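Values below: all heavy atoms of this structure, side chains included; hydrogens, waters and symmetry mates excluded. Being a predicted model, the structure only gives us computed values, none of them experimental.
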Amino acid sequence: MYRLDYFQQLSQRIGNVTVREQYDLDRHDERLRSLFVLTTVLALFYFSYTFVDIFLLRDVTFRSVLLRALVVGPITVFLFFYYKRPVSIRRKELAGVLVVCMGTVVWCAVLLGSSAPGVLDYFYAGLVFILVITIVITPPFEYSVYGSLFVFACLYTTIWFLEGVDSHYILNHLALGLPTFVLTLIANYRFSAESLRLYMAKVHADRLGETLSMQNAELEKISRLDPLTGLANRRALVHYATMLFKQPTAHKRFAVVIVDIDYFKPFNDHYGHAEGDNCLQAVASAIRSACSPEDLVCRFGGEEFLVLHSDSHLSAHGAWSLAEHIRSKVANLEIAHQKSPLGQVTISAGGYTAPVDTHTKLDEIIIAADSALYEAKREGRNQVRISDHTPVDVPYQRRL
Ligand SMILES: Nc1nc2c(ncn2[C@@H]2O[C@H](COP(=O)(O)OP(=O)(O)OP(=O)(O)O)[C@@H](O)[C@H]2O)c(=O)[nH]1
């Protein structure tokens, strides 16, 4: 039996646990809910049959009431309490099957003492116990097999002791009992295997979903990074600025500083493109180290960088200090540049500072900061300028 596909699948592993353990854990609540409902319905049926006993088997009425009330009743109550205990759903289902087996024994015991003529017709109802164990409760397949085997054995042992039974009756009974036993077990297997297949499909879909969302997060991260310098790119800048300006905190200010490497074309022409790339990387990390971790530092263009800094007490002087700090960090790299009148790689920086406002437009701020940068370039490079003009006044415009 344990070679069946269903069991092989159950013994596979999902991470540290087996499929069986995970399946039981994940579907505990759903299976328990249906156990509660089914047990209630079955108990109602079972106990209402006391009236059938009274009507059909008058000679065993007392026995019927006594056994149901003193044996099956307390066991059923106990079963409901057991369902609430923190044990695996498999055990609860097994407990359900055991109670049905117990109910069968009691039912057979009631019938055994009767000499009423209707008992032989009534005995056919015993097959319902098999239906309950295989199809109604649909416990795990193995419990279904053991449970229905027990019920089958119990019924066909009892049958010999009923009054008025002959071999024709037993054969007739078997003609219905045997197919019921086998076919309902097959139905249980198909149901169990199909539920497991659907569950596994869901597990795979969930896993795929997790992998995809991790990959998406990774792609999202990559799509916001400049591959050469590892800094944020323009896309990240737009995202960050949108978030910053969307929720202005009272009295919060911001500064944008645009940093441009001086005489970078001659550097590239003289030292080559690869050396130009190394220089860009070194300048990028110098800028990053001059800023705080909360600042957005992005590669804005070829040899241009942009810093977006926000601070409640930021003044034009604060923005100037930040830009100046960046300038000196780059100067301290002391990267030789024979084609620059300054003899080494330097930067010029232009900044703009203003209060954070929902009406702030990133392109207007950049125009203002760029205007300051233009001034720093014009005045000899390797220096910083900060503007706090309204951006519309600026004479120099650039594309974003
Ligand atoms: N190595 C390298 N060079 C780049 C990259 N992106 C842009 N550049 C170069 O950067 C140079 C920019 O030169 P310009 O805009 O003329 O500016 P500049 O020579 O620095 O002059 P000023 O800014 O006025 O001091 C060009 O030669 C571009 O080819 C890059 O990713 N790697």
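Between Glu324 and Arg327 there is a salt bridge, with a side-chain nitrogen of the basic residue lying less than 4.0 Å from a carboxylate oxygen of the acidic one. Taking 4.0 Å as the cut-off between side-chain N and carboxylate O, Arg197 and Glu194 count as a salt-bridged pair. The existence of a salt bridge linking Glu142 and Arg20 is confirmed by a sub-4.0 Å separation between a basic side-chain nitrogen and an acidic carboxylate oxygen. Salt bridge status for Asp269 with Lys265: present, with a side-chain N to carboxylate O gap under 4.0 Å. Between Asp260 and Lys377, at least one side-chain nitrogen of the basic residue sits less than 4.0 Å from a carboxylate oxygen of the acidic one, meeting the salt-bridge criterion. A salt bridge links Asp24 with Arg31: at least one charged nitrogen is closer than 4.0 Å to a carboxylate oxygen.
The ring pair (Phe, Tyr, Trp, His ring centres under 6.0 Å) check on Tyr240 picks up nothing, with sequence neighbours excluded. With sequence neighbours left out, Tyr156 forms a ring pair (Phe, Tyr, Trp, His ring centres under 6.0 Å) with Phe152, His173. For Tyr49, there are no ring pair (Phe, Tyr, Trp, His ring centres under 6.0 Å) partners two or more places apart in sequence or in a different chain.
Listed by first and then second residue, the side-chain hydrogen bond (donor to acceptor under 3.5 Å, both in side chains) pairs that reach into residues 10-19 are Thr18-Glu21, sequence neighbours excluded. Applying the salt bridge (Lys or Arg N to Asp or Glu O under 4.0 Å) definition to pairs two or more places apart or across chains, none involves residues 277-297.
Taking the side chain as every heavy atom from C-beta outward, Ile137 and Val132 approach each other to under 4.5 Å.
For Met102, the CE atom sits in a loose shell: 12 or fewer heavy atoms of surrounding residues, nucleotides or ligands are nearer than 6.0 Å.
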Under 3.5 Å, which donor-acceptor pairs link side chains of residues 110-123 to any protein atom two or more places apart or in another chain?
unit_1, atom_1, unit_2, atom_2, d
Ser114, OG, Asp59, OD1, 3.0
Ser114, OG, Asp59, OD2, 3.3
Ser114, OG, Ala116, N, 3.1
Ser115, OG, Asp59, OD2, 3.3
Tyr122, OH, Asp53, OD1, 2.7

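Aromatic rings from Phe267 and Phe264 are positioned such that their centres are separated by under 6.0 Å.
A cation-pi arrangement is not found for Arg91 relative to Tyr82, the charged atom failing to lie both closer than 6.0 Å to the ring centre and inside a 45° cone about the ring normal.
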